[in-house]
Amino acid sequence: MAYDSQNIFAKIIRGEAPCFKVYEDEHTLAFMDIMPQAEGHTLVIPKENAENIFDLSPEGAAALLQSTKKVAAAVKKVTGAPGVMLAQLNGTAAGQTVFHIHFHIIPRSAGIDLALHARDKADFTRLKALAERIAAAI
Ligand code: 5GP
């Protein structure tokens, strides 16, 4: 399938759609997931147009993982979660719903189940505040 440049993350990269940004560099962008599966759920994307891991260049993959590591450390610090899950879905059969590759950074604590994937929108005031705290911790 050809890359669809009208997907929501492509629009966020171009500044055509808003996001609660936590980090940006030349090759990557990170922002809050608006339907978080846990408090602090953050997404990291490459600016390169790639639908999935198989399309992404080796350079894009390196930049994406470096940013994910950097942002995950800040998410862990701010949320105080003892565990952090990284998830990256490729293809509808794997559960991918936005077709621009991204890593999910999801804080985890024992006994707290994940909310359903891409289901309920979070309070935007709360998301904005979290984004600011995570950005400040990077
Ligand atoms: P996927 O299912 O492709 O792995 O994950 C897509 C993620 O994007 C989901 O967790 C979903 O909640 C999130 N998402 C969907 N639309 C938007 C949006 O407009 N803005 C943000 N920030 N996240 C979104």
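Counting starts at 1 for both ligands and their atoms, following the listed order.
- Two residues are said to be in side-chain contact when any heavy atoms from C-beta on lie closer than 4.5 Å; Val22 and Phe20 fail this criterion.
- With a heavy-atom cut-off of 4.0 Å, Phe31 touches ligand 1 through its side chain alone.
- Shortest contact from atom 1 (P) of ligand 1 to any protein heavy atom: His102 NE2, 3.1 Å.
- Put simply, the side chain of Glu48 reaches to within 4.5 Å of the side chain of Leu56, judged on heavy atoms.
- Residue contacts with ligand 1 leave out Phe20, since none of its heavy atoms falls under 4.0 Å from the ligand.
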Report task. Assess whether side-chain contact (heavy atoms from CB on, under 4.5 Å) is satisfied between Met85 and Arg108, documenting all intermediate values. Result -> CA-CA 7 Å; Met85 181 174 109; Arg108 299 302 311 268; 3.8 Å; yes
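- The shortest N or O to N or O distance between His104 and ligand 1 is below 3.5 Å.
- Put simply, the side chain of Thr42 gets close to the backbone of Gly40: a donor and an acceptor are under 3.5 Å apart.
- For ligand 1, the atoms closer than 4.0 angstrom to any heavy atom of Gly95 are 2 (O).
- Residue contacts with ligand 1: Met32 is placed with a nitrogen or oxygen under 3.5 Å of a nitrogen or oxygen of the ligand (distance criterion only).
- Backbone and side-chain nitrogen or oxygen atoms of Asp33 are examined, and one is located within less than 3.5 angstrom of a nitrogen or oxygen of ligand 1.
- His104 has its side chain within reach of His117: a pair of non-hydrogen atoms, C-beta onward, lies under 4.5 Å apart.
- Distances below 4.0 Å separate heavy atoms of Ile34 from the following atoms of ligand 1: 17 (C), 18 (C), 19 (O), 20 (N), 21 (C), 22 (N), 23 (N), 24 (C).
- Among all protein heavy atoms, the one lying closest to atom 15 (C) of ligand 1 is Met35 CE, 3.5 Å.
- Side-chain contact between Thr28 and Tyr23: present, with at least one pair of heavy atoms (C-beta onward) separated by less than 4.5 Å.
- With hydrogens left out, the protein atom closest to atom 2 (O) of ligand 1 is His117 NE2, 2.5 Å, a heavy atom.
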Query raised in the report: Could you go step by step and tell me if Glu26 and Lys47 meet the salt bridge (charged side-chain N to carboxylate O under 4.0 Å, His left out) rule?
Result: CA-CA 8 Å; Glu26 189 185 349; Lys47 292 182 180 175; over 6 Å; no
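- The backbone N or O of Ser5 lies less than 3.5 Å from a partner atom in the side chain of Arg14, making a donor-acceptor pair.
- Close approach of ligand 1 to Leu89 is summarised as follows: ligand atoms under 4.0 Å from at least one heavy atom of the residue are 4 (O).
- Short contacts between ligand 1 and Ala118, defined as distances under 4.0 Å to a heavy atom of the residue, involve ligand atoms 9 (C), 11 (C), 12 (O).
- Looking at Phe9 and Ile101, their side chains never come closer than 4.5 Å, going by heavy atoms from C-beta outward.
- Annotation: atom 19 (O) of ligand 1 to nearest protein heavy atom, Ile8 CG1, 3.3 Å.
- Heavy atoms of Phe9 found under 4.0 angstrom from ligand 1 belong exclusively to the side chain.
- Within the 4.5 Å cutoff, side-chain heavy atoms of Phe31 are placed close to those of Ile12.
- Ligand-side atoms of ligand 1 in range of Thr97: 1 (P), 2 (O), 3 (O), 5 (O), 6 (C), range being under 4.0 angstrom from any heavy atom.
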